[in-house]
*Asks:* 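Mind looking over this structure? Questions follow.
A quick note: this is a predicted structure, and the numbers were derived from the prediction, not measured.
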Amino acid sequence: MTASPAVAAAGCHGNACDGRNPKSQGCQGDARDVPKSRVHAGSAPYPEVWARYSPTCQAVWAKADKADGRSFRIDVLDGPSYVESTQSSFQAFSAMVGADHTYRVCLRDVDGRWECGPWHR
């Protein structure tokens, strides 16, 4: 039995993706937004962060937009957090976590508080 070309091209799968870069691991090609994961902080135009899921890699990560240099992260319930900073000229993303983890995405507001979305699994 052979793996499909998309699976064969992926550099990791599931929990083996924890802490890895979605772009370098080939996980962005089939990625889609996780419904109801989007978090806003501040007033319009405000930065936002949301979760992206790759079926091929069975992994998720946080992706940020409307950058202003704020920190954002993806948290694993009872596990690590992967923190990144937004960029001014392009969308930024965090390291991945396996999709079987319970996770959420968060964005730091201008007062330094973390605004977090709901937990997903």
*Asks:* Under a single-linkage definition using a 4.5 Å side-chain heavy-atom cutoff for Ile, Leu, Val, Met, Phe, Trp and Tyr, are V97 and V34 assigned to the same hydrophobic cluster?
*Replies:*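 They do share one cluster, since a chain of ILVMFWY contacts under 4.5 Å joins V97 to V34.
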*Asks:* Would you mind writing out the side-chain donor-acceptor pairs for residues 114-121 within the sub-3.5 Å range, not counting sequence neighbours?
*Replies:*
residue	atom	partner	partner atom	Å
R121	NE	D100	O	3.3
R121	NH1	D100	O	2.8
R121	NH2	D100	O	3.1

*Asks:* At what distance, to the nearest 0.5 angstrom, does CZ of R73 lie from CG of L107?
*Replies:* 10.0 Å
*Asks:* Would you kindly confirm whether V39 and V76 end up in one hydrophobic cluster when ILVMFWY residues are joined by side chain heavy atoms under 4.5 Å apart?
*Replies:*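 In one cluster: yes.
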*Asks:* Please name the pair of heavy atoms, one in D111 and one in D109, separated by the smallest distance, quoted to 0.1 Å.
*Replies:* N-OD1, 2.9 Å
*Asks:* For R20, check salt bridge (Lys or Arg N to Asp or Glu O under 4.0 Å) against everything at least two apart and list the hits.
*Replies:* none
*Asks:* List in chain and number order the residues that pass side-chain hydrogen bond (donor to acceptor under 3.5 Å, both in side chains) with S94, two or more places apart in sequence or in another chain; answer none if no residue qualifies.
*Replies:*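 Scan of S94 (side-chain hydrogen bond (donor to acceptor under 3.5 Å, both in side chains), adjacent residues dropped) gives none.
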*Asks:* Please enumerate all residues that pass salt bridge (Lys or Arg N to Asp or Glu O under 4.0 Å) together with D78, with sequence neighbours excluded.
*Replies:* none
*Asks:* Quick one: side-chain hydrogen bond (donor to acceptor under 3.5 Å, both in side chains) partners of Y53, sequence neighbours excluded?
*Replies:*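 side-chain hydrogen bond (donor to acceptor under 3.5 Å, both in side chains) list for Y53, sorted by chain: Q58.
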*Asks:* Search all heavy atoms of F72 against all heavy atoms of A62 and return the closest pair with its distance.
*Replies:* CE1-O, 3.7 Å
*Asks:* Run the side chain to side chain contact (heavy atoms under 4.5 Å, CB included) test against A31 and tell me which residues pass, sequence neighbours left out.
*Replies:*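 Side chain to side chain contact (heavy atoms under 4.5 Å, CB included) check on A31 returns R52, W61.
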*Asks:* R108: which residues meet the salt bridge (Lys or Arg N to Asp or Glu O under 4.0 Å) condition with it, sequence neighbours left out?
*Replies:*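 With neighbours one apart ignored, the set is empty.
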*Asks:* Taking T56's backbone N and O only, do any of them form a donor-acceptor pair with D30's side chain (distance below 3.5 Å, no angle check)?
*Replies:*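 The answer is yes, because a donor-acceptor pair under 3.5 Å joins these two groups.
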*Asks:* Closer than 4.0 angstrom, basic N to acidic O: yes or no for D33 and R38?
*Replies:*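 Yes, D33 and R38 are salt-bridged.
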*Asks:* Out of curiosity, does V49 fall in the hydrophobic cluster containing Y82 (side-chain heavy atoms, cut-off under 4.5 Å, transitive links)?
*Replies:* yes
*Asks:* Closest heavy-atom contact between N15 and G98?
*Replies:* OD1-CA, 3.7 Å
*Asks:* Return the set of residues passing side-chain hydrogen bond (donor to acceptor under 3.5 Å, both in side chains) with S81 (not counting sequence neighbours), or none when no residue passes.
*Replies:* D75
*Asks:* Which atoms form the tightest heavy-atom contact between M96 and C12, and what is the distance?
*Replies:* CE-SG, 3.6 Å
*Asks:* Show the nearest heavy-atom pair for residues T86 and A92, with the distance to one decimal.
*Replies:* CA-CB, 4.2 Å
*Asks:* Between A95 and I74, which heavy-atom pair has the shortest distance, and what is it?
*Replies:*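 Closest heavy-atom pair between A95 and I74: O-CG2, 3.7 Å.
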*Asks:* Between Q28 and K23, is there a side-chain donor-acceptor contact under 3.5 Å, judged purely by atom types and distance?
*Replies:*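 Result is no, nothing qualifies.
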*Asks:* Would you tell me whether C17 and C57 have their SG atoms within less than 2.5 Å of each other?
*Replies:*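 Cysteines C17 and C57 do not qualify as a disulfide pair, their SG atoms being 2.5 Å or more apart.
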